[in-house]
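Right, one structure below, let's go through it.
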Amino acid sequence: MNYAEFYRQSITDPETFWKEQASRIDWHQPFGKVRDYSNPPFAKWFVGGKTNLCHNAVDRWVASQPDAAALIAISTETETEKTYTFRELHAEVNRMAAIMLSLGVTRGDRVLIYMPMIAEAVFAMLACARIGAIHSVVFGGFASNSLATRIDDATPKLIVSADAGSRGGKAIAYKPLLDEAIELAGHKPQRVLLVDRKLMPMNLVAGRDTDYASERERYLDAQVPVVWLESNEPSYILYTSGTTGKPKGVQRDVGGYAVALAASMRHIYCGKPGETYFCTSDIGWVVGHSYIVYGPLIAGMATIMYEGLPTRPDGGVWWSIVDKYKVSRMFSSPTAIRVLKKQPPELMRKYDLSSLQALYLAGEPLDEPTSAWIAGALGVPIIDNYWQTETGWPILSIARGLDQRATRLGSPGVPMYGYNVKIINESTGEECGASQKGVLAIEGPLPPGCMQTIYGDDERFVKTYWSNFPQRLAYSTFDWGIRDADGYYFILGRTDDVINVAGHRLGTREIEESIASHPNIAEVAVVGIADQLKGQIAVAFAIPKNVDAAETPESRKALEAEVMATVDHQLGAVARPARVYFVGQLPKTRSGKLLRRSIQALCEGRDAGDLTTIEDPQSLQQIRQALAG
Ligand code: PRX
């Protein structure tokens, strides 16, 4: 079947299409209805079917290839490297599951995982899946306030964490941040399970904190039966940023997600059992959930989990991994490739990269020089893929398993099967023609694997994603897009206040709220501006309460450092703005809305755009002056 037919069937006859894809995973009990869209925009997939993500990722392969590599945990931070076969991974997951059960976690309970990139984090995710607990992994780069917000929203019974992470050879505290977050949060988890890496001293809170290593000893031979879940029970919550300061808990199901990942591993990523997959993302992001942990394992592949920088001990470290483990498919981000492009070419040439068949890049726009350079250097197809935390797997790409069409520069490709992609005019709700800019939207229902709802807030789910177009119930991606005459799509940036720094999705509102909590800041605007290396960087313009504090260059520098430290402390260094400028006034509309786009335009050296609604044009002059230093 060619791709056009494959795609068409997925849209016109989704029941037959997805029924066939569903046979790629094991079902404990067959499903009845393939899809239930009787209550739009809420979709249910494989209704009545019972399955389990951990079974499909681990147990299933223990039966057929117990001694094949499953998880390869490499840390250039602690200089450790360990391969777990499917049998060994199974044993570790059973131990972790037994510990969780002993700590009182049962089906439907939330478990928050705040961990560095170590094997135990994967054990914890899979153990949750095994016993039907709902995990919520929080990116290790987030700090106490970010963590506290998520603790309050997910109300976990258990938190799994560690003493510390490590970056560039320096230990990064986790436990003290966690303690502070629990202090800040209204919800108090009953138990905290801690992996002691011996990177930093750690104080255990009596009655609450438990040491993982000693518990593990107690459960060495544990066998914890898989809990068979109805396909539509939740598997996990993953928080992501939007327009407001409050992150959204993207909730995913079990069966639809397993099927979607199995299908994508076959049609898009083309991985086979026994091969090795290397995704350089982090388990704190959706790419890590889908393509470090669940996707490759469901496909019976070995997956590499890497802790460390791409440039340490030298810029050849990732290529050395490809060589050593005969990686067949690699997944990274354009920013990471731009970093590697700056490395001496012999660091790449030193290694045998002949096992590599394709490189997948996602998370941010792929620019032509980066794509051309890496394609030339590796001599394999470079496949852009566009998607979101909300969708869990690619919306746009080229499904190499079925589709040999050429890539087109600047375009992530064409709609993936199951996604009824439309470019919609945001004011009329009508579909745009070729070459007309509009909002990239998806006609409901979303295919299997996508978000079910916002955790605990169905209303917000409908309001946020499904209420953006007049007369039309369609999911908004909040990305501007355009389609060319041949059906290739192009992404033209976000329609909302979300920014993308080095592939990390951040909400400007969250950063503004953090900065505004500084005692000497009255008001602030944060914008994302174009950056050669990171795609975008965050820049803040703040009005100090006490103007004297920003009178001289020295005092401005000191206040800027304080503001940055506030963000580091509350949200994490990942959200720290690259610069904080001080102004007396911010550009706003007469109704008081911040003109973020005008500020961004000035920062990027462009015209400030439509200013008919601006309250005081003088405010723009202040931005220009601040930028001029
Ligand atoms: O703006 C788009 C951008 O990243 C957003 C989603 O980020 P996140 O939820 O972190 O999920 C990343 C999953 C890969 C999108 O709304 N984005 C993602 N991939 C691309 C992209 N922009 C351009 N090209 C891409 N390939």
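Bear in mind the structure is a predicted one, so any value in this text is a computation, not a measurement. All residue numbers refer to positions in the sequence shown, counting from 1. Whatever order the structure lists them in is the order used to number ligands and atoms, beginning at 1.
At a threshold of 4.0 Å, the pair R472-E443 counts as salt-bridged, since one of the basic side-chain nitrogens sits closer than that to a carboxylate oxygen. Using a cutoff of 4.0 Å between basic side-chain nitrogens and carboxylate oxygens, D610 and R597 are not scored as salt-bridged. Taking a cutoff of 4.0 Å between a charged side-chain nitrogen and a carboxylate oxygen, R408 and D486 qualify as a salt bridge.
By the 6.0 Å and 45° rule, R252 stacks over the aromatic ring of Y257. Cation-pi geometry between R150 and Y114 is not met: the NZ or CZ atom fails to fall both under 6.0 Å from the ring centre and inside 45° of the normal.
Considering only residues two or more places apart in sequence or on other chains, V439 meets the side-chain contact (heavy atoms from CB on, under 4.5 Å) condition with E426, F469, S476, W480, T495.
Sorted by chain then number, the residues whose non-hydrogen atoms approach ligand 1 to under 4.0 Å are V286, V287, A362, G363, E364, P365, D384, N385, Y386, W387, Q388, T389, D479, R494, N500, R505.
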